[in-house]
Amino acid sequence: MANKVFSTEAFRRPAVTAMQIAGQDGQVEDKWRHAPLMGRLNRIYYFSVGMQIAGGTSEIQRNVIANRGLGLPR
Amino acid sequence: MDLGLSQEQQMIQTSARDFLEKECPKSLVREMEEDAKGYSPELWKKMADLGWLGLVFPEKYGGSGFSFLDLAVLLEEQGRALVPGPFFSSVVLAGLPILEFGTEAQKKEHLGKIAAGNEIVVYAQTEPSATWEASGVELKAELKGAAYVLNGTKLFIPSASVADYLLVVARSKAGTGKDGITLLLVDAKSKGISYTPLKTIASDHQSEITFKDVSVPAAHVLGTPNEGWKVVEKIALWGAAGKCAEMVGGAQKVLDMTVEYAKQRVQFGRPIGSFQAIQHHCANMVTDVDGSRYIAYEAIWRVSEGLEAAKEVSMAKAWVSDAYRRVCALGHQVHGGIGFTKEHDMQLYFRRAKAAELAFGDGDYHRELVAQHLGV
């Protein structure tokens, strides 16, 4: 659980930063002219949002870490 | 201290919201993403009939003489409804500069037509270097007799393919600085202009525009030749401040949708809004939305009153750009899986937040400008 929270949030941060660095070029979609990294950057940016949700959101994971992992009362 | 809207502004807000809920549903927004033109001529006509396209022009040019602050209220509602099309380009980025810097003949020629919805003028500044600085303007304008000859490329220009006129920023003297910049009103169908569409994150129909020996009469210069950078700086203020208004409207809608969902969605036997993790997300969102509104409207008010506004606009653009992205990210978390589907409206806002962040400079760019104002 801690692993999922850590890795999806660790994925999100560089995705946002990479889009920031790409600036205006970053908005160009897949396979179109001027798209950085052949459009992969744009797709990673979309994907990074979904990662923190799919298979249990970060919030749910944190609940589990707190309740089951740390034994905190519900 | 009363920071609320005037009665007139409240009327603009209410009537715009009612009108757009009816005439600009999300089904139209989605349809226009794939549409060749990218806007609905019927909706455009109705917006012209309501007086929106001429809102800020004086009556003698076919407008209604409202202020930039009043226009911002309308832009906020457009940001909330995600109105597709060239309103921002034509009214904010072209209409206002023509009104402030144009000759009497230019104002007569263009403003009435823009207000009536019969002409679309699109502002074209950025180039493949993608910077908003003066060094980014490389498109050449050479004066030959009574005409300028344009050669070069413009990139990331929204709604360019439906333009009747382009307001082009060009370099008329060798160099890379602020000196030697000239703005020209160019017939969009001129010989030598070609458009390549780009597919971008907000589906806002951006184009790459190539100019090859395009001839433009010297009378079409907007402002003073070689001294156009001060026009560009003013357009950047209107553009960045106007984008802030749009973003505030979008962020408010994301907050509204999210709070509504948190109250309705039941998990573990109770509405998810009763969980503290969700409550804190919502609290962070409303803090960002309200904070954005106040910092944006202070900048907008200063621009509207003709006060020194460069620092405030940069502060607002930096803050609101990042805040809108944060609000969307939290909205996504609260919505969970449903918010990340194509069918849900969340993604429409998430994608436009990125484009609005980039328009007229992102957070980092404007933080740098704020630091310069502080003398750091």
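Note that the coordinates shown come from a computational prediction; the quantities given were computed from them, not determined experimentally. Sequence lines set the chain letters: A, B, ... in the order given, protein chains first and strands last, and positions in each chain run from 1.
No side-chain donor-acceptor contact under 3.5 Å links B:R171 to the backbone of B:E138. Checking side-chain atoms of B:K154 against main-chain N and O of B:V169 turns up a donor-acceptor pair under 3.5 Å.
Residue B:E343 holds its CD atom at 5.0 Å from OG1 of B:T341, rounded to the nearest 0.5 Å. The CD1 atom of B:I157 sits 7.0 Å away from the CG atom of B:L155 when rounded to the nearest 0.5 Å. In this structure, CD on B:Q347 lies 8.0 Å from CZ on B:R352, to the nearest 0.5 angstrom.
Listed by first and then second residue, the ring-ring contact (aromatic ring centres under 6.0 Å, His included) pairs involving residues 42-74 of chain A are A:Y45-B:F350 (not counting sequence neighbours). Pairs of residues two or more places apart, or lying in two chains, never qualify as salt bridge (Lys or Arg N to Asp or Glu O under 4.0 Å) while including a residue from residues 261-286 of chain B.
Residues of residues 49-62 of chain A lying within less than 4.5 angstrom of chain B, judged on heavy atoms, are A:V49, A:G50, A:Q52, A:I53, A:T57, A:S58, A:E59, A:I60 in numerical order. Near-neighbour residues of residues 203-212 of chain B relative to chain A, defined by a heavy atom under 4.5 Å from a heavy atom of that chain, comprise B:Q206, B:E208.
Using a 4.5 Å cut-off between heavy atoms, B:H281 contacts chain A through its side chain alone, with no backbone atom that close. Using a 4.5 Å cut-off between heavy atoms, A:D25 touches chain B through backbone and side chain atoms alike. Contacts of B:T126 with chain A are made by side-chain atoms alone, with heavy-atom separations under 4.5 Å and no backbone atom involved. Heavy atoms closer than 4.5 Å to chain A are found in the side chain of B:E357, but not in its backbone.
More than 12 heavy atoms of other residues, nucleotides or ligands lie within 6.0 Å of NZ in B:K199, so this atom counts as buried by the packing criterion. B:W319 CH2: 12 or fewer foreign heavy atoms inside a 6.0 Å radius.
Between B:Y39 and B:F87 there is no side-chain heavy-atom pair separated by less than 4.5 Å.
Between chain B and the options A:E29, A:R12, A:M19, the largest number of non-hydrogen pairs under 4.5 Å is found for A:E29.
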- prompt: Taking it one step at a time, do B:R367 and B:D362 satisfy salt bridge (Lys or Arg N to Asp or Glu O under 4.0 Å)?
  reply: CA-CA 9 Å; B:R367 272 186 287 275; B:D362 62 7; over 6 Å; no
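B:Q125 and B:Y123 share a side-chain donor-acceptor pair at under 3.5 Å.
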